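Reading through the C-alpha coordinates given below for one structure.
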2 protein chains.
Amino acid sequence: MNVEWHNIIDNQMSVFSVLNTDEKELLKRNSTCTLYKKNDIIYKEGDKPSGLICLSKGKVKIYKEGVGGREQIVRMAKPVGFIGYRAIFAEQNYLASAEAIEDCVICTIEKETLMKILKTNSNLSFSIIRSLASELGFSNNRTVTLTQKHIRGRLAESLVFLKDTYDLEKDNATIKVYLSREDIANLSNMTTSNAIRTLSTFASEKIIALDGRKIKILDLKGLERISELG
Amino acid sequence: MNVEWHNIIDNQMSVFSVLNTDEKELLKRNSTCTLYKKNDIIYKEGDKPSGLICLSKGKVKIYKEGVGGREQIVRMAKPVGFIGYRAIFAEQNYLASAEAIEDCVICTIEKETLMKILKTNSNLSFSIIRSLASELGFSNNRTVTLTQKHIRGRLAESLVFLKDTYDLEKDNATIKVYLSREDIANLSNMTTSNAIRTLSTFASEKIIALDGRKIKILDLKGLERISELG
DNA sequence: ATAAAAATATGTTAAAAAACATACAAATGT
DNA sequence: ACATTTGTATGTTTTTTAACATATTTTTAT
(Lines give C-alpha, C1' and ligand atoms only; values in the text may rest on other atoms or scores of the structure.)
Protein backbone atom coordinates (compact mmCIF):
# COMPACT_ATOMS: atom_id res chain seq x y z
CA MET A 1 0.00 0.00 0.00
CA ASN A 2 2.88 2.34 0.71
CA VAL A 3 4.25 1.37 -2.66
CA GLU A 4 1.02 2.56 -4.27
CA TRP A 5 1.27 5.87 -2.49
CA HIS A 6 4.82 6.38 -3.56
CA ASN A 7 3.63 5.74 -7.11
CA ILE A 8 0.84 8.30 -6.91
CA ILE A 9 2.48 11.07 -4.93
CA ASP A 10 6.12 11.00 -5.90
CA ASN A 11 5.88 9.85 -9.49
CA GLN A 12 7.27 12.43 -11.92
CA MET A 13 4.08 12.19 -13.98
CA SER A 14 1.86 12.88 -10.98
CA VAL A 15 0.42 16.35 -10.41
CA PHE A 16 1.08 15.74 -6.70
CA SER A 17 4.83 15.93 -7.20
CA VAL A 18 4.46 19.70 -6.58
CA LEU A 19 3.25 19.16 -2.98
CA ASN A 20 5.45 19.60 0.10
CA THR A 21 6.07 16.90 2.70
CA ASP A 22 3.28 18.01 5.04
CA GLU A 23 0.74 18.12 2.25
CA LYS A 24 1.77 14.65 1.08
CA GLU A 25 1.37 13.37 4.65
CA LEU A 26 -2.11 14.89 4.86
CA LEU A 27 -3.08 13.26 1.56
CA LYS A 28 -1.83 9.87 2.70
CA ARG A 29 -3.83 10.03 5.95
CA ASN A 30 -7.09 10.89 4.18
CA SER A 31 -7.22 8.35 1.41
CA THR A 32 -8.01 4.71 0.86
CA CYS A 33 -6.67 2.20 -1.65
CA THR A 34 -8.72 -0.56 -3.24
CA LEU A 35 -8.12 -3.40 -5.64
CA TYR A 36 -10.37 -3.84 -8.65
CA LYS A 37 -10.46 -6.96 -10.81
CA LYS A 38 -10.66 -6.90 -14.59
CA ASN A 39 -14.21 -6.01 -15.75
CA ASP A 40 -15.12 -4.45 -12.37
CA ILE A 41 -17.14 -1.25 -12.57
CA ILE A 42 -15.42 1.57 -10.68
CA TYR A 43 -18.29 4.00 -11.01
CA LYS A 44 -21.42 4.41 -13.10
CA GLU A 45 -22.87 7.35 -15.04
CA GLY A 46 -25.11 9.25 -12.59
CA ASP A 47 -23.19 8.23 -9.42
CA LYS A 48 -22.09 10.95 -7.06
CA PRO A 49 -18.30 11.22 -6.75
CA SER A 50 -17.04 10.76 -3.20
CA GLY A 51 -13.45 11.72 -3.77
CA LEU A 52 -10.67 12.07 -6.28
CA ILE A 53 -9.80 8.66 -7.71
CA CYS A 54 -6.20 7.89 -8.63
CA LEU A 55 -5.26 5.01 -10.86
CA SER A 56 -2.02 3.59 -9.49
CA LYS A 57 -1.90 0.32 -11.42
CA GLY A 58 -3.87 -1.13 -14.31
CA LYS A 59 -5.89 0.30 -17.18
CA VAL A 60 -9.40 1.72 -17.20
CA LYS A 61 -11.89 2.63 -19.91
CA ILE A 62 -14.19 5.62 -19.45
CA TYR A 63 -17.36 5.38 -21.51
CA LYS A 64 -20.78 6.89 -21.98
CA GLU A 65 -24.01 5.10 -22.85
CA GLY A 66 -25.64 6.69 -25.87
CA VAL A 67 -28.62 6.02 -28.10
CA GLY A 68 -30.10 2.59 -27.37
CA GLY A 69 -27.38 1.80 -24.83
CA ARG A 70 -24.66 2.00 -27.45
CA GLU A 71 -21.32 2.57 -25.73
CA GLN A 72 -18.83 5.28 -26.65
CA ILE A 73 -15.42 5.19 -24.99
CA VAL A 74 -14.38 8.78 -24.29
CA ARG A 75 -11.07 8.14 -22.56
CA MET A 76 -8.56 5.41 -21.81
CA ALA A 77 -6.83 5.92 -18.47
CA LYS A 78 -3.38 4.72 -17.48
CA PRO A 79 -1.32 4.93 -14.30
CA VAL A 80 -0.50 7.33 -12.78
CA GLY A 81 -3.57 9.43 -13.47
CA PHE A 82 -6.93 10.60 -12.28
CA ILE A 83 -10.29 9.01 -12.99
CA GLY A 84 -13.58 10.83 -12.71
CA TYR A 85 -11.84 14.08 -11.83
CA ARG A 86 -14.01 16.02 -14.28
CA ALA A 87 -17.16 15.30 -12.24
CA ILE A 88 -15.65 16.23 -8.89
CA PHE A 89 -14.25 19.53 -10.19
CA ALA A 90 -17.43 20.42 -12.09
CA GLU A 91 -19.33 19.61 -8.88
CA GLN A 92 -21.58 17.27 -10.85
CA ASN A 93 -22.43 13.61 -10.82
CA TYR A 94 -20.46 11.36 -13.15
CA LEU A 95 -21.41 11.78 -16.81
CA ALA A 96 -19.54 8.62 -17.79
CA SER A 97 -18.78 5.19 -16.35
CA ALA A 98 -15.40 3.66 -15.53
CA GLU A 99 -14.52 -0.01 -15.90
CA ALA A 100 -11.24 -1.79 -15.21
CA ILE A 101 -9.92 -3.51 -18.33
CA GLU A 102 -7.12 -5.04 -16.24
CA ASP A 103 -6.67 -5.69 -12.52
CA CYS A 104 -6.25 -2.24 -10.97
CA VAL A 105 -5.09 -0.53 -7.80
CA ILE A 106 -7.07 2.60 -7.11
CA CYS A 107 -6.65 5.19 -4.36
CA THR A 108 -9.37 7.65 -3.45
CA ILE A 109 -8.59 11.00 -1.88
CA GLU A 110 -11.31 12.45 0.29
CA LYS A 111 -12.92 15.50 -1.27
CA GLU A 112 -12.41 17.82 1.72
CA THR A 113 -8.71 17.05 1.93
CA LEU A 114 -8.28 17.66 -1.77
CA MET A 115 -10.05 21.02 -1.57
CA LYS A 116 -7.99 22.06 1.44
CA ILE A 117 -4.72 21.39 -0.37
CA LEU A 118 -6.03 23.03 -3.54
CA LYS A 119 -6.85 26.19 -1.66
CA THR A 120 -3.30 26.74 -0.46
CA ASN A 121 -1.40 25.30 -3.37
CA SER A 122 -1.72 27.29 -6.58
CA ASN A 123 0.73 24.99 -8.34
CA LEU A 124 -1.66 22.09 -7.92
CA SER A 125 -4.50 24.26 -9.22
CA PHE A 126 -2.43 25.14 -12.28
CA SER A 127 -1.73 21.46 -12.89
CA ILE A 128 -5.39 20.61 -12.75
CA ILE A 129 -6.32 23.55 -14.98
CA ARG A 130 -3.72 22.44 -17.49
CA SER A 131 -4.94 18.82 -17.40
CA LEU A 132 -8.58 19.78 -17.88
CA ALA A 133 -7.72 22.19 -20.68
CA SER A 134 -5.64 19.55 -22.47
CA GLU A 135 -8.34 16.94 -22.19
CA LEU A 136 -10.91 19.41 -23.48
CA GLY A 137 -8.74 19.94 -26.54
CA PHE A 138 -8.49 16.19 -26.98
CA SER A 139 -12.25 15.79 -26.63
CA ASN A 140 -12.97 18.47 -29.24
CA ASN A 141 -10.53 16.78 -31.59
CA ARG A 142 -12.26 13.45 -31.04
CA THR A 143 -15.63 14.97 -31.80
CA VAL A 144 -14.43 16.06 -35.23
CA THR A 145 -12.58 12.82 -35.91
CA LEU A 146 -15.42 10.52 -34.94
CA THR A 147 -17.99 12.50 -36.91
CA GLN A 148 -16.00 13.25 -40.05
CA LYS A 149 -13.51 10.47 -40.71
CA HIS A 150 -14.57 7.29 -42.46
CA ILE A 151 -14.31 3.89 -40.83
CA ARG A 152 -10.72 3.21 -41.94
CA GLY A 153 -9.61 6.65 -40.76
CA ARG A 154 -11.33 6.30 -37.41
CA LEU A 155 -9.88 2.85 -36.76
CA ALA A 156 -6.39 3.92 -37.85
CA GLU A 157 -6.56 6.91 -35.51
CA SER A 158 -7.71 4.70 -32.63
CA LEU A 159 -4.79 2.33 -33.14
CA VAL A 160 -2.32 5.21 -33.19
CA PHE A 161 -4.04 6.65 -30.12
CA LEU A 162 -3.76 3.34 -28.25
CA LYS A 163 -0.09 3.08 -29.18
CA ASP A 164 0.55 6.65 -27.95
CA THR A 165 -1.41 6.10 -24.74
CA TYR A 166 -0.11 2.69 -23.71
CA ASP A 167 3.13 2.37 -25.71
CA LEU A 168 4.51 -0.73 -27.37
CA GLU A 169 5.86 -4.04 -26.00
CA LYS A 170 9.62 -4.72 -26.11
CA ASP A 171 9.19 -5.93 -29.70
CA ASN A 172 8.53 -2.28 -30.58
CA ALA A 173 5.42 -3.28 -32.53
CA THR A 174 2.72 -4.80 -30.31
CA ILE A 175 0.36 -2.28 -28.69
CA LYS A 176 0.56 -2.70 -24.91
CA VAL A 177 -3.18 -3.08 -24.30
CA TYR A 178 -5.60 -5.95 -24.83
CA LEU A 179 -9.03 -4.84 -25.93
CA SER A 180 -11.94 -6.84 -27.27
CA ARG A 181 -13.07 -6.05 -30.81
CA GLU A 182 -16.16 -4.61 -29.20
CA ASP A 183 -14.10 -2.16 -27.13
CA ILE A 184 -12.12 -1.15 -30.21
CA ALA A 185 -15.45 -0.56 -31.99
CA ASN A 186 -16.81 1.48 -29.08
CA LEU A 187 -13.67 3.57 -29.06
CA SER A 188 -13.89 4.20 -32.80
CA ASN A 189 -17.62 4.79 -33.22
CA MET A 190 -18.39 1.76 -35.33
CA THR A 191 -20.12 -1.60 -34.98
CA THR A 192 -18.16 -4.61 -33.74
CA SER A 193 -18.59 -6.23 -37.15
CA ASN A 194 -17.01 -3.26 -38.88
CA ALA A 195 -14.13 -3.15 -36.39
CA ILE A 196 -13.41 -6.84 -37.04
CA ARG A 197 -13.74 -6.42 -40.79
CA THR A 198 -11.56 -3.33 -40.99
CA LEU A 199 -8.89 -4.83 -38.72
CA SER A 200 -8.81 -7.85 -41.07
CA THR A 201 -8.46 -5.54 -44.07
CA PHE A 202 -5.56 -3.68 -42.40
CA ALA A 203 -3.93 -7.05 -41.66
CA SER A 204 -4.34 -8.21 -45.28
CA GLU A 205 -2.74 -4.91 -46.35
CA LYS A 206 0.23 -5.70 -44.04
CA ILE A 207 -0.36 -2.45 -42.09
CA ILE A 208 -0.91 -4.42 -38.90
CA ALA A 209 -0.62 -8.05 -37.81
CA LEU A 210 -3.22 -9.74 -35.64
CA ASP A 211 -2.67 -12.51 -33.09
CA GLY A 212 -5.83 -12.86 -31.06
CA ARG A 213 -6.18 -9.58 -29.22
CA LYS A 214 -2.57 -8.66 -29.78
CA ILE A 215 -2.18 -5.99 -32.45
CA LYS A 216 1.23 -5.45 -34.03
CA ILE A 217 1.76 -2.21 -35.92
CA LEU A 218 3.78 -3.10 -39.02
CA ASP A 219 3.50 0.20 -40.89
CA LEU A 220 3.00 3.15 -38.54
CA LYS A 221 3.50 5.71 -41.31
CA GLY A 222 0.80 3.97 -43.35
CA LEU A 223 -1.55 3.92 -40.38
CA GLU A 224 -0.96 7.62 -39.77
CA ARG A 225 -1.58 8.35 -43.44
CA ILE A 226 -4.93 6.54 -43.34
CA SER A 227 -5.85 8.38 -40.15
CA GLU A 228 -4.82 11.71 -41.66
CA LEU A 229 -6.80 11.29 -44.88
CA GLY A 230 -9.92 10.41 -42.92
CA MET B 1 -14.98 51.24 -22.74
CA ASN B 2 -15.59 51.57 -19.03
CA VAL B 3 -19.04 50.19 -19.62
CA GLU B 4 -17.48 47.10 -21.19
CA TRP B 5 -15.25 46.65 -18.20
CA HIS B 6 -18.09 46.93 -15.81
CA ASN B 7 -19.83 44.24 -17.83
CA ILE B 8 -16.88 41.88 -17.72
CA ILE B 9 -15.67 42.38 -14.17
CA ASP B 10 -18.75 43.07 -12.11
CA ASN B 11 -21.33 41.00 -13.96
CA GLN B 12 -22.81 38.27 -11.75
CA MET B 13 -22.08 35.71 -14.45
CA SER B 14 -18.42 36.69 -14.66
CA VAL B 15 -15.80 34.61 -12.88
CA PHE B 16 -14.09 37.91 -12.06
CA SER B 17 -16.83 38.87 -9.61
CA VAL B 18 -14.77 37.04 -6.95
CA LEU B 19 -11.87 39.53 -7.27
CA ASN B 20 -11.18 42.36 -4.83
CA THR B 21 -10.96 46.05 -5.82
CA ASP B 22 -7.15 46.06 -6.23
CA GLU B 23 -7.21 42.98 -8.43
CA LYS B 24 -9.95 44.48 -10.59
CA GLU B 25 -7.90 47.67 -10.97
CA LEU B 26 -4.86 45.63 -12.02
CA LEU B 27 -6.96 43.78 -14.58
CA LYS B 28 -8.34 47.00 -16.03
CA ARG B 29 -4.87 48.53 -16.42
CA ASN B 30 -3.50 45.51 -18.28
CA SER B 31 -6.15 44.86 -20.88
CA THR B 32 -7.34 46.22 -24.18
CA CYS B 33 -10.81 46.31 -25.75
CA THR B 34 -11.48 45.91 -29.46
CA LEU B 35 -14.50 45.97 -31.73
CA TYR B 36 -15.08 43.16 -34.19
CA LYS B 37 -17.59 43.32 -37.03
CA LYS B 38 -19.86 40.43 -37.97
CA ASN B 39 -17.90 37.72 -39.86
CA ASP B 40 -14.54 38.97 -38.51
CA ILE B 41 -12.11 36.25 -37.51
CA ILE B 42 -10.98 36.70 -33.90
CA TYR B 43 -8.35 33.98 -34.03
CA LYS B 44 -7.43 31.05 -36.21
CA GLU B 45 -6.60 27.41 -35.43
CA GLY B 46 -2.82 27.28 -34.89
CA ASP B 47 -2.46 30.91 -33.70
CA LYS B 48 -0.65 31.54 -30.43
CA PRO B 49 -2.87 33.07 -27.75
CA SER B 50 -1.61 36.39 -26.44
CA GLY B 51 -4.03 36.79 -23.57
CA LEU B 52 -7.36 35.82 -22.14
CA ILE B 53 -10.15 37.03 -24.42
CA CYS B 54 -13.44 38.17 -22.88
CA LEU B 55 -16.57 38.53 -24.93
CA SER B 56 -18.40 41.57 -23.59
CA LYS B 57 -20.94 42.04 -26.36
CA GLY B 58 -22.03 39.99 -29.37
CA LYS B 59 -21.98 36.31 -30.26
CA VAL B 60 -19.10 34.14 -31.47
CA LYS B 61 -18.84 30.69 -33.02
CA ILE B 62 -15.87 28.46 -32.19
CA TYR B 63 -15.16 25.88 -34.86
CA LYS B 64 -12.62 23.37 -36.06
CA GLU B 65 -11.70 22.52 -39.64
CA GLY B 66 -11.96 18.80 -40.20
CA VAL B 67 -11.65 16.39 -43.14
CA GLY B 68 -11.51 18.30 -46.43
CA GLY B 69 -11.96 21.63 -44.67
CA ARG B 70 -15.39 20.64 -43.39
CA GLU B 71 -16.28 22.86 -40.43
CA GLN B 72 -17.51 21.61 -37.06
CA ILE B 73 -18.77 24.19 -34.57
CA VAL B 74 -17.64 23.07 -31.11
CA ARG B 75 -18.99 25.98 -29.07
CA MET B 76 -21.23 29.03 -29.30
CA ALA B 77 -20.06 31.85 -27.03
CA LYS B 78 -22.19 34.57 -25.50
CA PRO B 79 -21.44 37.58 -23.30
CA VAL B 80 -20.11 37.61 -20.66
CA GLY B 81 -17.71 34.76 -21.23
CA PHE B 82 -14.24 33.70 -22.25
CA ILE B 83 -13.06 32.80 -25.70
CA GLY B 84 -10.00 30.72 -26.38
CA TYR B 85 -9.36 30.18 -22.69
CA ARG B 86 -8.74 26.48 -23.25
CA ALA B 87 -5.61 27.18 -25.30
CA ILE B 88 -4.12 29.69 -22.87
CA PHE B 89 -4.64 27.39 -19.87
CA ALA B 90 -3.40 24.30 -21.69
CA GLU B 91 -0.36 26.37 -22.74
CA GLN B 92 -1.01 25.39 -26.34
CA ASN B 93 -1.82 27.15 -29.58
CA TYR B 94 -5.48 27.45 -30.52
CA LEU B 95 -7.02 24.17 -31.66
CA ALA B 96 -10.09 25.95 -33.02
CA SER B 97 -10.98 29.22 -34.73
CA ALA B 98 -13.29 31.97 -33.48
CA GLU B 99 -15.51 34.10 -35.71
CA ALA B 100 -17.94 36.87 -34.76
CA ILE B 101 -21.48 36.06 -35.90
CA GLU B 102 -22.58 39.55 -34.75
CA ASP B 103 -20.73 42.80 -34.09
CA CYS B 104 -18.72 42.15 -30.92
CA VAL B 105 -16.81 43.95 -28.20
CA ILE B 106 -13.88 41.93 -26.99
CA CYS B 107 -11.41 42.64 -24.17
CA THR B 108 -8.08 40.89 -23.90
CA ILE B 109 -6.35 40.44 -20.56
CA GLU B 110 -2.58 40.19 -20.73
CA LYS B 111 -1.35 36.71 -19.89
CA GLU B 112 1.12 37.79 -17.18
CA THR B 113 -1.52 39.79 -15.31
CA LEU B 114 -3.94 36.90 -15.45
CA MET B 115 -1.36 34.49 -14.07
CA LYS B 116 -0.39 36.87 -11.30
CA ILE B 117 -3.99 37.16 -10.11
CA LEU B 118 -4.54 33.42 -10.48
CA LYS B 119 -1.55 32.71 -8.25
CA THR B 120 -2.94 34.63 -5.30
CA ASN B 121 -6.65 34.02 -5.82
CA SER B 122 -7.72 30.43 -5.30
CA ASN B 123 -11.38 31.36 -5.86
CA LEU B 124 -10.61 32.39 -9.40
CA SER B 125 -8.72 29.14 -9.93
CA PHE B 126 -11.71 27.18 -8.69
CA SER B 127 -13.99 29.08 -11.07
CA ILE B 128 -11.77 28.28 -14.00
CA ILE B 129 -11.45 24.63 -12.95
CA ARG B 130 -15.23 24.41 -12.70
CA SER B 131 -15.73 26.05 -16.12
CA LEU B 132 -13.24 23.78 -17.85
CA ALA B 133 -14.69 20.69 -16.18
CA SER B 134 -18.23 21.66 -17.19
CA GLU B 135 -17.23 22.31 -20.76
CA LEU B 136 -15.40 18.98 -20.89
CA GLY B 137 -18.63 17.28 -19.84
CA PHE B 138 -20.48 19.17 -22.53
CA SER B 139 -17.91 18.21 -25.13
CA ASN B 140 -18.07 14.51 -24.23
CA ASN B 141 -21.86 14.67 -24.46
CA ARG B 142 -21.60 16.29 -27.87
CA THR B 143 -19.26 13.59 -29.09
CA VAL B 144 -21.85 10.93 -28.30
CA THR B 145 -24.76 12.98 -29.65
CA LEU B 146 -23.13 13.89 -32.92
CA THR B 147 -21.92 10.35 -33.57
CA GLN B 148 -24.97 8.39 -32.47
CA LYS B 149 -28.12 10.43 -33.07
CA HIS B 150 -29.75 10.53 -36.49
CA ILE B 151 -30.17 13.75 -38.45
CA ARG B 152 -33.52 14.69 -36.92
CA GLY B 153 -32.23 14.06 -33.39
CA ARG B 154 -29.05 16.04 -33.99
CA LEU B 155 -30.89 19.01 -35.45
CA ALA B 156 -33.52 18.95 -32.69
CA GLU B 157 -30.76 18.91 -30.07
CA SER B 158 -28.99 21.82 -31.76
CA LEU B 159 -32.17 23.90 -31.76
CA VAL B 160 -32.76 23.20 -28.06
CA PHE B 161 -29.09 23.98 -27.41
CA LEU B 162 -29.35 27.31 -29.24
CA LYS B 163 -32.48 28.17 -27.29
CA ASP B 164 -30.77 27.32 -23.97
CA THR B 165 -27.62 29.23 -24.89
CA TYR B 166 -29.11 32.41 -26.34
CA ASP B 167 -32.67 32.36 -24.96
CA LEU B 168 -35.83 33.43 -26.76
CA GLU B 169 -37.11 36.81 -28.00
CA LYS B 170 -39.93 38.56 -26.15
CA ASP B 171 -42.43 36.44 -28.11
CA ASN B 172 -41.15 33.50 -26.05
CA ALA B 173 -40.71 31.44 -29.23
CA THR B 174 -38.07 32.87 -31.57
CA ILE B 175 -34.50 31.73 -30.85
CA LYS B 176 -32.36 34.80 -30.15
CA VAL B 177 -29.64 34.03 -32.67
CA TYR B 178 -29.46 34.32 -36.46
CA LEU B 179 -27.45 31.59 -38.08
CA SER B 180 -27.13 30.60 -41.71
CA ARG B 181 -28.35 27.15 -42.67
CA GLU B 182 -24.70 26.32 -43.22
CA ASP B 183 -23.82 27.23 -39.61
CA ILE B 184 -26.73 25.17 -38.31
CA ALA B 185 -25.43 22.27 -40.41
CA ASN B 186 -21.87 22.73 -39.12
CA LEU B 187 -23.15 22.76 -35.57
CA SER B 188 -25.17 19.60 -36.10
CA ASN B 189 -22.72 17.51 -38.15
CA MET B 190 -24.70 17.35 -41.37
CA THR B 191 -24.59 18.84 -44.86
CA THR B 192 -26.25 22.19 -45.52
CA SER B 193 -28.76 20.43 -47.78
CA ASN B 194 -29.80 18.12 -44.98
CA ALA B 195 -30.11 20.98 -42.49
CA ILE B 196 -32.40 22.87 -44.90
CA ARG B 197 -34.41 19.75 -45.67
CA THR B 198 -34.85 18.72 -42.04
CA LEU B 199 -35.74 22.25 -40.92
CA SER B 200 -38.43 22.25 -43.62
CA THR B 201 -39.72 18.91 -42.39
CA PHE B 202 -39.87 20.20 -38.78
CA ALA B 203 -41.76 23.26 -40.04
CA SER B 204 -44.24 21.10 -41.98
CA GLU B 205 -44.75 19.08 -38.79
CA LYS B 206 -45.54 22.35 -36.94
CA ILE B 207 -42.69 21.73 -34.50
CA ILE B 208 -40.99 24.96 -35.57
CA ALA B 209 -41.87 27.90 -37.80
CA LEU B 210 -39.38 29.46 -40.22
CA ASP B 211 -39.18 33.09 -41.31
CA GLY B 212 -35.91 33.55 -43.13
CA ARG B 213 -33.24 32.93 -40.51
CA LYS B 214 -35.66 33.38 -37.67
CA ILE B 215 -36.62 30.09 -36.06
CA LYS B 216 -39.69 29.94 -33.83
CA ILE B 217 -40.05 26.94 -31.55
CA LEU B 218 -43.71 25.94 -31.61
CA ASP B 219 -43.45 22.62 -29.79
CA LEU B 220 -40.50 22.48 -27.40
CA LYS B 221 -41.61 19.21 -25.83
CA GLY B 222 -41.81 17.66 -29.30
CA LEU B 223 -38.36 18.95 -30.16
CA GLU B 224 -36.94 17.55 -26.93
CA ARG B 225 -38.61 14.22 -27.62
CA ILE B 226 -37.01 14.02 -31.08
CA SER B 227 -33.65 14.98 -29.58
CA GLU B 228 -34.03 12.40 -26.82
CA LEU B 229 -34.95 9.52 -29.11
CA GLY B 230 -31.96 10.23 -31.33
C1' DA C 1 -14.39 -33.27 -20.47
C1' DT C 2 -18.22 -31.30 -22.18
C1' DA C 3 -21.87 -28.00 -22.68
C1' DA C 4 -22.92 -23.33 -22.87
C1' DA C 5 -21.78 -18.81 -23.66
C1' DA C 6 -19.10 -15.27 -25.55
C1' DA C 7 -16.17 -13.50 -29.06
C1' DT C 8 -14.66 -13.48 -33.75
C1' DA C 9 -15.31 -13.77 -38.68
C1' DT C 10 -17.63 -12.93 -43.01
C1' DG C 11 -21.35 -12.59 -46.34
C1' DT C 12 -25.87 -10.13 -47.52
C1' DT C 13 -29.36 -6.66 -47.17
C1' DA C 14 -31.30 -2.34 -45.74
C1' DA C 15 -31.14 2.29 -44.22
C1' DA C 16 -29.12 6.56 -43.61
C1' DA C 17 -26.81 10.38 -45.17
C1' DA C 18 -23.58 12.42 -48.41
C1' DA C 19 -22.88 13.89 -52.97
C1' DC C 20 -24.60 15.78 -56.91
C1' DA C 21 -27.70 18.44 -59.78
C1' DT C 22 -30.57 22.10 -60.60
C1' DA C 23 -33.72 25.86 -59.65
C1' DC C 24 -34.92 29.86 -57.42
C1' DA C 25 -34.55 33.77 -54.13
C1' DA C 26 -32.09 37.24 -51.70
C1' DA C 27 -28.31 40.06 -50.85
C1' DT C 28 -24.39 42.64 -52.61
C1' DG C 29 -21.56 45.40 -55.50
C1' DT C 30 -21.01 48.33 -59.48
C1' DA D 1 -30.94 48.88 -62.46
C1' DC D 2 -28.39 45.24 -63.43
C1' DA D 3 -25.23 41.50 -62.97
C1' DT D 4 -22.93 38.57 -59.76
C1' DT D 5 -22.56 36.14 -55.91
C1' DT D 6 -24.38 33.86 -52.01
C1' DG D 7 -27.88 31.40 -49.72
C1' DT D 8 -32.01 28.49 -49.76
C1' DA D 9 -34.80 24.73 -51.52
C1' DT D 10 -35.70 20.17 -53.33
C1' DG D 11 -35.23 16.04 -56.26
C1' DT D 12 -32.07 12.00 -57.60
C1' DT D 13 -28.14 8.97 -57.22
C1' DT D 14 -24.40 6.91 -54.86
C1' DT D 15 -21.72 5.81 -50.95
C1' DT D 16 -21.18 4.49 -46.51
C1' DT D 17 -22.27 2.04 -42.72
C1' DA D 18 -25.54 -0.26 -39.74
C1' DA D 19 -28.38 -4.24 -39.32
C1' DC D 20 -29.00 -8.85 -39.96
C1' DA D 21 -27.78 -13.68 -40.68
C1' DT D 22 -24.93 -17.44 -39.89
C1' DA D 23 -20.59 -19.96 -39.17
C1' DT D 24 -16.63 -20.86 -36.56
C1' DT D 25 -13.53 -20.34 -32.85
C1' DT D 26 -12.39 -19.38 -28.15
C1' DT D 27 -13.43 -18.91 -23.43
C1' DT D 28 -15.89 -20.02 -19.36
C1' DA D 29 -18.53 -22.70 -16.24
C1' DT D 30 -20.01 -27.00 -14.52
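None of these values were measured; they are calculated from a predicted model. Naming convention: chains lettered A, B, ... in sequence-line order (proteins, then strands); numbering from 1 in each chain.
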Notebook entry, point to check: Any Lys/Arg nitrogen of K38(A) or E102(A) sitting under 4.0 Å from an Asp/Glu carboxylate oxygen of the other?
Noted result: no
Checklist line | Salt-bridge contact D103(B)-K37(B) (side-chain N to carboxylate O under 4.0 Å) | finding: yes
Notebook entry, point to check: Is any side-chain nitrogen or oxygen of R213(B) closer than 4.0 Å to OP1 or OP2 of dT8(D)?
Noted result: yes
Item checked: Nucleotide dT8(C), atom P - distance to CG of L199(A) in whole Å -> 10 Å
Check: Salt bridge check: are R142(B) and E157(B) linked by an N-O gap of less than 4.0 Å?
Finding: yes
Notebook entry, point to check: Does E228(A) come within less than 4.0 Å of R225(A), counting only side-chain N to carboxylate O?
Noted result: no
Margin query: By the salt bridge (charged side-chain N to carboxylate O under 4.0 Å, His left out) test, which pairs, at least two apart or in different chains, include something from residues 201-215 of chain A?
Written below: R152(A)-E205(A)
Margin query: Across nucleotides 10-22 of chain C, 5' to 3', mark each nucleotide with B, S or - according to how protein heavy atoms within less than 4.0 Å reach it.
Written below: BBB---SSBBB--
Checklist line | Protein-nucleotide distance (L229(A), atom CG; dT16(D), atom P), rounded to Å | finding: 14 Å
Checklist line | Distance in angstrom units between L179(A) CG and dT8(C) C1', rounded | finding: 15 Å
Note to self: Just the rounded figure in Å: distance from C1' of dA26(C) to CG of D211(B).
What the structure shows: 13 Å
Next item on the list: Round to a whole Å and report the spacing from CD of E182(A) to P of dA18(D).
Entry: 14 Å
Which pairs of donor and acceptor atoms, one on a side chain in residues 60-79 of chain B, lie under 3.5 Å apart (sequence neighbours left out)?
{"residue": "K61(B)", "atom": "NZ", "partner": "E71(B)", "partner atom": "OE2", "Å": "3.1"}
{"residue": "K61(B)", "atom": "NZ", "partner": "D183(B)", "partner atom": "OD1", "Å": "2.8"}
{"residue": "K64(B)", "atom": "NZ", "partner": "N141(A)", "partner atom": "OD1", "Å": "2.8"}
{"residue": "K64(B)", "atom": "NZ", "partner": "L95(B)", "partner atom": "O", "Å": "2.9"}
{"residue": "R70(B)", "atom": "NH2", "partner": "N189(B)", "partner atom": "OD1", "Å": "2.6"}
{"residue": "E71(B)", "atom": "OE2", "partner": "N186(B)", "partner atom": "ND2", "Å": "3.4"}
{"residue": "Q72(B)", "atom": "NE2", "partner": "N186(B)", "partner atom": "O", "Å": "3.1"}
{"residue": "Q72(B)", "atom": "NE2", "partner": "L187(B)", "partner atom": "O", "Å": "3.3"}
{"residue": "R75(B)", "atom": "NE", "partner": "E135(B)", "partner atom": "OE2", "Å": "3.4"}
{"residue": "R75(B)", "atom": "NH2", "partner": "F82(B)", "partner atom": "O", "Å": "2.8"}
{"residue": "K78(B)", "atom": "NZ", "partner": "T165(B)", "partner atom": "O", "Å": "3.1"}

Note to self: Can you measure K214(A) atom NZ to dT8(C) atom C1' for me and round it to whole angstrom units?
What the structure shows: 17 Å
Check: For Y178(A) and dT8(C), what is the distance between atoms OH and C1' respectively, to the nearest whole Å?
Finding: 18 Å
Next item on the list: Quickly work out the L210(B) CG to dA26(C) C1' distance and round it to whole Å.
Entry: 16 Å
